[in-house]
Chemist: 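Sharing a structure, written as structure tokens. Questions coming.
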Amino acid sequence: MTSALALGDLEARLAAGEPLTRGDLERLFDCPDLIEVGVVGEAALRRRTGSEITFCRVLETRDGRVPAELQAGEIRIVGDPASVDDAVALVRQAASAANGTPVTGFSLAWLVDRVGTDDASLTRVASALAGAGLTALAEVPLDLPLEVSRLVKVVAALREGGLAIHRLTITAAPQGRTRLDFVERAEQLAREAGDIRAFAPLPRVDPVDVPSTGYDDAKLVAAARAGCPSIERIQVDWQLYGPKMAQVALTFGAGDLDAVAAVDDPSLGPRRSAVADIDRQIRAAGGDPVERDGLYRRRG
Amino acid sequence: MQVERIADVVRQGGRLSFEQARELYLHAPTSLLGRLADDVRQRLHPDGVVTYIIDRNVNYTNVCVARCRFCAFYRPVGSPEGYTLGFDEIFRKIEETIALGGEQLLLQGGHNPDVPLEWYEDLFRQVKARYPSFRMHALSPPEIIHISRLSHLPPETVIARLVDAGLDSIPGGGAEILVDRVRRLLNCYNKATADEWLNVMRLAHRAGLRTTATMMYGHVETIDERLEHLFRLRDLQDETGGFTAFIAWSFQPSHTELGGVEATGVEYLRTLAIARLVLDNFPNLQASWVTQGGKVGQLSLAFGANDMGSVMIEENVVRAAGAEYCMDEYEVVRNIENAGFIARRRNMHYDILGEPMFRLQKVPRMLQLAVARADGRGGEAEDLRRYEARSPEARRRRALPQ
Ligand code: SF4
């Protein structure tokens with residue numbers, strides 16, 4: 001085991017506002033002293049956003065239907081529609097019932113698959129989706145095989161069409177320190193494209209037989225927080241990662257809980273959550289809860 | 001400042017008072033609690049070894065008269081969903097366990113009035129005759145008390161007879177919170193008071209058995225009552241030295257009469273850490289991945305745990321309350337090594353048995369834990385007919401011609 005001060009210099013440099021290098025992030029990720037990794041992650045979090053932890057109640061819809069009584073701060077259309085026209089129709093249906101709640105949807109991976117990466121085409125499709133009521137693209141997966149310089153242009157083209165682009169994700173990634181590549185990509189993209197509000201560094205697909213470990217997840221969260229000063233929030237997905245790991249991630253540098261259930265659905269088991277429970281979980285992790293909407297605006 | 005002063009007591013190897021433990025538990029930052037607990041773990045286990053055991057957690061019956069309010073597992077006497085396993089079913093489970101490299105059964109069950117002392121004695125004798133080196137880690141203190149009441153024999157006699165039949169060690173289940181106010185609220189005061197639970201452990205230790213101790217927190221107890229639980233365990237360990245390990249887990253509320261919400265993951269890590277600091281005379285602390293999941297289970301290794309517990313193979317009680325996690329030996333070892341430790345197999349006494357079994361022989365992967373009866377059948381096994389029943393239903397049933 002390493003000494004208690006193995007990462008003390010990183011803490012000091014973060015406190016002085018200095019950026020960390022790839023080598024620093026590798027040291028953080030490889031450090032076997034998890035407590036110290038947590039101290040660095042939490043210090044970076046406090047420095048960036050204080051004790052405030054945001055969360056968003058997200059209503060996911062696959063068919064565009066939205067219940068009348070809506071508590072959500074975001075309506076997110078999930079799935080991959082067969083065509084852009086189908087997507088526009090879904091957005092129109094969801095937006096008609098949204099009653100002012102931001103409607104987000106789709107992944108950049110889906111959009112690139114349907115439209116390609118030509119800037120003008122992307123702007124045209126973004127404009128059609130925005131015109132139907134879509135406020136933001138739900139996610140930009142960083143494991144998409146595009147150079148960051150290309151991604152910056154793609155983001156600009158979509159924004160020109162009227163869509164907000166706030167959230168970076170990873171769909172699937174090999175385990176281990178190669179995941180730091182995505183931390184670097186996230187920071188570079190956020191720095192160059194601007195206005196990236198959240199980065200969810202834990203891959204959305206975790207193999208069942210060899211899932212990522214708690215140590216690796218916690219270290220990746222800490223590395224993302226320390227390595228991405230241009231991004232406001234490191235995000236964990238409440239439903240995907242479950243309340244226990246998602247909450248513990250808040251003590252390693254995560255500052256936002258995404259995909260909190262918008263309706264109290266008993267079939268979600270412990271992953272369901274009334275706002276009171278989210279509040280309890282955030283406070284038990286030492287944070288002050290703030291509810292936000294799909295555009296990262298404070299609610300209520 | 002107060003917290004820092006108390007932290008220094010720990011750093012210098014001093015013993016925490018109740019008030020000092022309380023101050024740390026309530027006010028120390030989670031990272032400081034983890035740091036202190038990790039330092040204690042390193043002091044106790046400087047070799048960097050994290051252990052685990054391959055055993056099977058068999059619940060021989062779910063029929064229970066205790067009716068604890070936190071339990072989703074039990075069925076009342078006469079319920080069509082009530083079951084009691086037969087000897088052959090248990091032997092089959094032992095053989096499956098041996099095939100996976102296991103060497104022990106953790107055998108616990110409900111307080112079934114129709115399973116007398118002789119049944120346990122016969123079972124243990126037959127297990128030892130068939131599988132001489134296989135170990136029986138069986139019957140938590142409330143079960144011993146239940147059998148003692150059923151048989152009108154004092155607990156020390158029950159323990160002596162069971163040891164004579166082949167009992168090797170006693171699991172620390174049924175402790176919940178060792179404070180009678182809490183036990184009354186949970187309706188588990190009658191199954192065993194705090195003193196009764198501790199006394200069975202005292203008797204077992206005096207009889208030469210080693211046992212574990214547990215704590216189920218996060219229901220109706222206060223922080224002080226959690227600490228009282230830990231201090232009562234520490235006192236008994238000072239007296240007997242018979243506990244090998246401590247295991248804490250959070251109350252699993254789904255499908256229970258008590259209901260409510262589960263304590264959080266951070267609370268688990270803090271509780272584990274404070275247990276590591278208070279229980280300075282307990283050599284080992286287990287991670288409860290069964291209730292916390294593999295990820296937080298692994299993080300326990302940074303908060304004072306030096307043991308990943310059991311590969312389990314089978315689990316019924318926690319699953320009944322809504323939590324379902326599985327880690328086979330590959331996963332347990334991968335998690336230990338990923339956290340930077342050396343993985344070693346152990347027995348109940350924490351003797352190191354060696355390298356991971358799957359590195360020595362071919363062991364099939366297991367991505368789901370087994371259940372008591374794969375087909376979910378209720379009913380008691382035929383061989384129980386040979387034994388005297390207490391409940392009128394079972395007496396009638398056993399009197400019927402076969
Ligand atoms: S916890 Fe044990 S004693 Fe209590 S009701 Fe459940 S099976 Fe019976």
Side-chain angles (χ1 to χ4, degrees), chain A residues 1-5 11 30-43 46 175-176 202 206-219 222 241-252 266 268-274 276-278 280-287, chain B residues 11 29-39 41-42 45-46 48 250 252-255 261-270 273 287 289 291-303 321-328 330-331 334-341 365-368:
Chain A
M1 299 287 102
T2 55
S3 87
L5 293 173
E11 238 185 292
D30 292 343
C31 179
D33 187 336
L34 192 73
I35 298 295
E36 199 163 344
V37 173
V39 168
V40 173
E42 203 171 14
R46 296 287 181 234
Q175 293 189 15
L202 302 180
D206 207 10
V208 179
D209 53 342
V210 194
S212 72
T213 65
Y215 265 60
D216 282 357
D217 286 355
K219 287 175 173 184
Y241 277 82
K244 293 226 166 76
M245 192 59 216
Q247 187 214 20
V248 170
L250 301 180
T251 64
F252 282 82
L268 293 173
R271 290 170 194 233
R272 71 196 260 212
S273 47
D277 190 41
I278 289 290
R280 176 181 75 101
Q281 299 265 0
I282 292 174
R283 289 187 196 283
Chain B
R11 289 185 190 111
T30 302
S31 55
L32 175 62
L33 270 184
R35 169 86 290 135
L36 295 172
D38 194 47
D39 289 349
R41 180 200 56 75
Q42 279 190 55
H45 302 279
S250 50
Q252 306 290 307
S254 295
H255 314 303
V261 291
E262 192 184 343
T264 69
V266 169
E267 209 172 345
Y268 171 73
L269 295 175
R270 291 182 66 86
W289 59 262
T291 57
Q292 305 303 310
K295 293 188 183 203
V296 176
Q298 187 204 28
L299 297 179
S300 305
L301 300 179
F303 285 79
E324 199 173 331
Y325 299 107
C326 176
M327 277 176 115
D328 62 4
Y330 291 89
E331 267 304 282
R334 187 175 72 89
N335 274 274
I336 292 171
E337 293 178 346
N338 173 267
F341 296 98
R365 290 292 320 255
M366 187 187 65
L367 297 178
Q368 214 177 14

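Reminder, nothing fancy here: chain letters follow the sequence lines and each chain counts from 1.
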Chemist: Is there a side-chain contact between B:Ser300 and B:Trp289, using heavy atoms and a 4.5 Å cut-off?
Modeler: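 Not in contact.
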
Chemist: Does any heavy atom of chain A fall under 4.5 Å from the side chain of B:Leu32, the backbone, both, or neither of them?
Modeler: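 Looking at B:Leu32, nothing touches chain A.
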
Chemist: Please enumerate all residues that pass side-chain hydrogen bond (donor to acceptor under 3.5 Å, both in side chains) together with B:Asp39, with sequence neighbours excluded.
Modeler: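 With sequence neighbours excluded, B:Asp39 shows a side-chain hydrogen bond (donor to acceptor under 3.5 Å, both in side chains) to no residue whatsoever.
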
Chemist: Of the listed residues (A:Val210, A:Thr251, A:Leu250), which shares the most heavy-atom pairs with chain B below a 4.5 Å separation?
Modeler: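 Most heavy-atom pairs under 4.5 Å with chain B: A:Val210.
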
Chemist: Heavy-atom distance under 4.5 Å to chain B: side chain of A:Ala218, backbone, both or neither?
Modeler: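 Contact with chain B: side chain only.
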
Chemist: Select one option (side chain, backbone, both, neither) describing which atoms of B:Gln292 are under 4.5 Å from chain A's heavy atoms.
Modeler: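 Backbone plus side chain of B:Gln292, per the 4.5 Å heavy-atom cut-off to chain A.
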
Chemist: Can you say whether B:Thr30 sits under 4.5 Å from chain A via the side chain, the backbone, both, or neither, judging by heavy atoms?
Modeler: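 For B:Thr30, neither part sits under 4.5 Å from chain A.
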
Chemist: How would you list, by chain and number, every residue that makes a ring-ring contact (aromatic ring centres under 6.0 Å, His included) with A:Tyr215, sequence neighbours excluded?
Modeler: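 Counting only residues at least two positions away or on another chain, A:Tyr215 forms no ring-ring contact (aromatic ring centres under 6.0 Å, His included).
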
Chemist: Quick check for you: to the nearest 0.5 Å, what is the distance between A:Gln247 atom CD and A:Asp277 atom CG?
Modeler: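 Reported to 0.5 Å precision, the distance equals 9.5 Å.
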
Chemist: Side chains of B:Arg365 and B:Glu331, heavy atoms from C-beta outward: is any pair under 4.5 Å?
Modeler: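 Touching, per the 4.5 Å side-chain cut-off.
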
Chemist: Most heavy-atom pairs under 4.5 angstrom with chain A, which of B:Pro46, B:Gly297, B:Gly294, B:Gly34?
Modeler: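 Among B:Pro46, B:Gly297, B:Gly294, B:Gly34, the one with the most close pairs to chain A is B:Gly34.
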
Chemist: What option among A:Glu42, A:Arg280, A:Met245, A:Gln281 has the most heavy-atom pairs under 4.5 Å with chain B?
Modeler: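 Going by pairs under 4.5 Å, I would pick A:Arg280.
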
Chemist: Pick whichever of A:Gly286, A:Pro211, A:Gly38 has the most heavy-atom pairs under 4.5 Å with chain B.
Modeler: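 Among the listed options, the one with the most contacts to chain B is A:Pro211.
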
Chemist: Using every non-hydrogen atom in the two residues, find where A:Asp206 and B:Lys295 come nearest and quote the distance to one decimal.
Modeler: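 For A:Asp206 and B:Lys295, the tightest heavy-atom pair comes out as OD2-NZ, 3.2 Å.
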
Chemist: From A:Ile35 CD1 over to B:Asp38 CG, what is the distance, rounded to the nearest 0.5 angstrom?
Modeler: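 It comes to 6.0 Å.
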
Chemist: Is it the backbone or the side chain of B:Arg270 that comes under 4.5 Å from a heavy atom of chain A, or both, or neither?
Modeler: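 Neither part, no heavy atoms under 4.5 Å.
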
Chemist: Chain A heavy atoms under 4.5 Å from B:Phe303: which part of the residue, side chain, backbone, both or neither?
Modeler: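 The answer is the side chain of B:Phe303.
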
Chemist: Can a side-chain donor-acceptor contact be found between A:Gln175 and A:Asp216 if the only test is distance below 3.5 angstrom?
Modeler: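 No.
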
Chemist: Given heavy-atom pairs under 4.5 angstrom as the criterion, report whether the side chain, backbone, both or neither of A:Val248 touches chain B.
Modeler: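 For A:Val248, backbone and side chain are both near chain B.
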
